[in-house]
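Contents: one structure, followed by commentary.
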Amino acid sequence: MSGDHLHNDSQIEADFRLNDSHKHKDKHKDREHRHKEHKKDKEKDREKSKHSNSEHKDSEKKHKEKEKTKHKDGSSEKHKDKHKDRDKEKRKEEKVRASGDAKIKKEKENGFSSPPRIKDEPEDDGYFAPPKEDIKPLKRPREEDDADYKPKKIKTEDLKKEKKRKLEEEEDGKLKKPKNKDKDKKVPEPDSKKKKPKKEEEQKWKWWEEERYPEGIKWKFLEHKGPVFAPPYEPLPENVKFYYDGKVMKLSPKAEEVATFFAKMLDHEYTTKEIFRKNFFKDWRKKIKEENEKLLKEYGFCIMDNHRERIANFKIEPPGLFRGRGNHPKMGMLKRRIMPEDIIINCSKDAKVPSPPTGHKWKEVRHDNKVTWLVSWTENIQGSIKYIMLNPSSRIKGEKDWQKYETARRLKKCVDKIRNQYREDWKSKEMKVRQRAVALYFIDKLALRAGNEKEEGETADTVGCCSLRVEHINLHPELDGQEYVVEFDFLGKDSIRYYNKVPVEKRVFKNLQLFMENKQPEDDLFDRLNTGILNKHLQDLMEGLTAKVFRTYNASITLQQQLKELTAPDENIPAKILSYNRANRAVAILCNHQRAPPKTFEKSMMNLQSKIDAKKEQLADARRDLKSAKADAKVLKDAKTKKVVESKKKAVQRLEEQLMKLEVQATDREENKQIALGTSKLNYLDPRITVAWCKKWGVPIEKIYNKTQREKFAWAIDMADEDYEF
DNA sequence: TTATTAACTTAGGAGGATCGTT
DNA sequence: AACGATCCTCCTAAGTTAATAA
């Protein structure tokens, strides 16, 4: 069963509907703000279920007890949480107005939204979840397996192995690399290694061939120039006036700046004086580009442990109006300007601390080598912390990425066991265990995200697996000739719609019915579950296992399988690339990575089609020519006509190839209309699979990875050979 | 325990840069 | 060389997870 359940035809080809996803976002709007009301009951129920495992039939009794706790809790919570309460009151009012009785009834129902105990179903075999001790041994055999399984060349983050490697390297590596010594120096000079090849882009550093720091330590030396601030606001000249209600109003520079943010979002009017504008913009852009390059050179790099590493986002985010994604409650709020006084600088003690702009000082300078960031500040919309960190090509990011795929590969080794386990858990006596098992099944089969709870009113109403609500699924005992179909329809990360109809196993279906019993649409489907509980359980099944590892694992294994399946050995390179893109697409579909169809899509498709038609005509002509040339050759039989035949043949071949290429392009583009391949390529697919595939089939890596991607995956390009297996 | 927060990964869109064609 | 389509880079929002506080 391993893997193939993920990409049966129904899921990838037939059931996936992208077409109207984007348009339908609003459909979900109304539901927002209604669901949280029931959240608190969940906690209580959970609490309750611990104690009430024995009384089974006597539901009356349970009812009463619950009512009591409920009221008690309710009153104390009120003081705790003012925000939520305000909303809650509002909603309540509405309901009371509608019907006083209804409210009471509803509360009752909610109290019981999910009984702590599960009735035995006919098919139940009374299985109890094994105590932890029974699960733990999973870890053991794994480590031993590891040793056998690992392709010799590949290093992993496994502790055991790492230790061994370290010892080895310490012994024979010391002489080769004077670097170990340097590392501890207080003020490191750039490697002598590095200094020499000044011109030809200093030798690429193969950090993956070096020893790792112990867990927790991220670096020993770190120096940088601090952040680049957003350019200060330049007030508009006096003659530009602001009108409010038809009257001129004087604005403070700050207010004026904010006003321009708004103005910028009005539709730009590209009107008169094209040439003037064109020339202006051309020059202006050139100067901007030069400026950016200068900035990059000065601020875009840091020195971390003897190496000059590229910084990802060295510019502080400029002020502006906040644009959330989807139906965001805070859209349009002012995102304020970040000042040096907001900034925390992180660097090593022995480094030169970047100097703040004149007349200003940093909020704080700290020296914390347990973290990877260089600069941080607190943003004013959500109150969250923003960071300046290194580029994906850096050692610090690359190592982590590599490790991520190694964890996913460890999952590969025990995924069957885990699947058997959760299938067993579908029958558990404990509601919590059943919910956990069904949720995990979704995460595994459908590559859903974990789904943390979110604070209401702070963000758009989106969900993941654990936060699914009853209203997000529809159960069809039978649909289109299939049994036990679950129809999912919800907004996920970035308010991207997830819509899928999936046939599930009977037990899952029955469990879902059970979970939904006596619940309102806005109640949590998994009322006994959250990401914390789930991840804790996963941690017990395998060290380092969390919900998102399943996404990585299933994405990578799917790519590998699809490549195996789709690559035809004697196809040419463009066809091979199409196969790769198709494999990549299967993953993107699995992970629901969507994009808005390009604005010019229809038109460009038509253009391509007419190109194809034209090419076809050319080809027909060429074929005719060839035929007549052949006929001539038959009659004349001289060398000249033979040559003509040859050249005509070649022309036909060339055209055929060109036509093929165009047709491949058309297919590829059509299939890709609303699917974004980049996200999975960058974040979910073990790059070594791709590298191995390229090597095996002689496809240049540049055809698959662009420059940035090659930099990010340098480690994989260097270390994977053609028989690498994920 | 549960809630909060810090740190880090994952995400799609905008718009500039580049490519291939005419 | 100009043009239009596509690619790539940047941007920063929105997730996940583990650590920490209450």
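All heavy atoms count here, side chains included; hydrogens, waters and symmetry mates do not. Just so it is clear, the structure is predicted and the values come from calculations on it, not from any experiment. Proteins come first, then strands; the chains are lettered A, B, ... in the order of their sequence lines, and each starts at number 1.
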[N] phosphate, OP1 or OP2: any side-chain N/O from [X] under 4.0 angstrom?
{"X": "K397(A)", "N": "dT10(B)", "value": "no"}
{"X": "K454(A)", "N": "dG15(C)", "value": "yes"}
{"X": "R669(A)", "N": "dT6(C)", "value": "yes"}
{"X": "K603(A)", "N": "dA5(C)", "value": "yes"}
{"X": "T459(A)", "N": "dA13(C)", "value": "no"}
{"X": "K386(A)", "N": "dA13(C)", "value": "yes"}
{"X": "K218(A)", "N": "dC8(B)", "value": "yes"}
{"X": "H593(A)", "N": "dA11(B)", "value": "yes"}
{"X": "T546(A)", "N": "dT16(C)", "value": "no"}
{"X": "T462(A)", "N": "dG15(C)", "value": "yes"}

Can you tell me how far [atom2] of [N] sits from [atom1] of [X], to the nearest Å?
{"X": "Q382(A)", "N": "dA7(B)", "atom1": "CD", "atom2": "C1'", "answer": "17 Å"}
{"X": "K536(A)", "N": "dT16(C)", "atom1": "NZ", "atom2": "P", "answer": "17 Å"}
{"X": "L677(A)", "N": "dC7(C)", "atom1": "CG", "atom2": "C1'", "answer": "13 Å"}
{"X": "N452(A)", "N": "dA6(B)", "atom1": "CG", "atom2": "P", "answer": "16 Å"}
{"X": "D494(A)", "N": "dT12(C)", "atom1": "CG", "atom2": "P", "answer": "15 Å"}
{"X": "I533(A)", "N": "dA3(B)", "atom1": "CD1", "atom2": "C1'", "answer": "14 Å"}
{"X": "I381(A)", "N": "dT12(C)", "atom1": "CD1", "atom2": "P", "answer": "13 Å"}
{"X": "Y387(A)", "N": "dT17(C)", "atom1": "OH", "atom2": "C1'", "answer": "13 Å"}

- Would you check if R551(A) and N683(A) make a side-chain contact, meaning some heavy-atom pair closer than 4.5 Å? no
- The answer to which of E317(A) and V463(A) contacts DNA chain C further toward the 5' end, by nearest nucleotide, is E317(A)
- Message: Quick check: on DNA chain C, is the nucleotide nearest E379(A) upstream (toward 5') of the one nearest G464(A), or the reverse? Name the residue that is more 5'.
- Response: E379(A)
- Point-to-point distance, once rounded to the nearest 0.5 Å, from CZ of R585(A) to CG of N672(A): 4.5 Å
Using a heavy-atom cut-off of 4.0 Å across all strands, would you classify [X] as base, sugar-phosphate, or nothing?
{"X": "Y684(A)", "answer": "sugar-phosphate"}
{"X": "R325(A)", "answer": "base"}
{"X": "G492(A)", "answer": "sugar-phosphate"}
{"X": "N607(A)", "answer": "sugar-phosphate"}
{"X": "K330(A)", "answer": "nothing"}
{"X": "S376(A)", "answer": "nothing"}
{"X": "A312(A)", "answer": "nothing"}
{"X": "K493(A)", "answer": "base"}
{"X": "G451(A)", "answer": "sugar-phosphate"}

[X] side chain: which of [options] is closest?
{"X": "M389(A)", "options": "dT9(B), dT12(C), dA14(C)", "result": "dT9(B)"}
{"X": "N313(A)", "options": "dT12(C), dT6(C), dC8(B)", "result": "dT12(C)"}
{"X": "A450(A)", "options": "dT16(C), dC8(B), dT12(C)", "result": "dT16(C)"}
{"X": "R449(A)", "options": "dT9(B), dG15(C), dT6(C)", "result": "dG15(C)"}

Under 3.5 Å, is there a donor on one side chain and an acceptor on the other for [X] and [Y]?
{"X": "N584(A)", "Y": "S680(A)", "value": "yes"}
{"X": "S467(A)", "Y": "K454(A)", "value": "no"}
{"X": "D461(A)", "Y": "N327(A)", "value": "no"}

- Message: Could you check whether any side-chain N or O of N346(A) sits under 3.5 Å from a backbone N or O of D368(A), counting only pairs where one atom can act as donor and the other as acceptor?
- Response: yes
- Task: Would you please classify the geometry between the Y498(A) ring and the F490(A) ring as parallel, tilted or perpendicular, with 30° and 60° separating the classes?
- Result: parallel
- Query: What class does the angle between the rings of F488(A) and F442(A) fall in, given that below 30° is parallel, 30 to 60° is tilted and above 60° is perpendicular?
  - Reply: perpendicular
- Note on the structure: The single option from K218(A), K220(A), R395(A) that satisfies salt bridge (Lys or Arg N to Asp or Glu O under 4.0 Å) with D305(A) is R395(A)
- Item | Test side chain to side chain donor-acceptor pair (under 3.5 Å) applied to T372(A) and Y387(A), step by step | CA-CA 9 Å; T372(A) 66; Y387(A) 302 93; over 6 Å; no
- Where along residues 705-713 of chain A does a heavy atom fall under 4.0 Å from DNA chain C? N706(A), T708(A)
Sub-3.5 Å pairs of nitrogen or oxygen atoms, protein against nucleotides 17-22 of chain B:
none

- Task: In sequence, state the C-alpha distance, the side-chain angles, and the governing distance for I388(A) and Y299(A), and then conclude on side chain to side chain contact (heavy atoms under 4.5 Å, CB included).
- Result: CA-CA 12 Å; I388(A) 289 181; Y299(A) 293 94; over 6 Å; no
- Cation-pi check, R212(A) to W402(A): give yes when NZ or CZ is under 6.0 Å from the six-membered ring centre and within 45° of the ring axis, no otherwise. yes
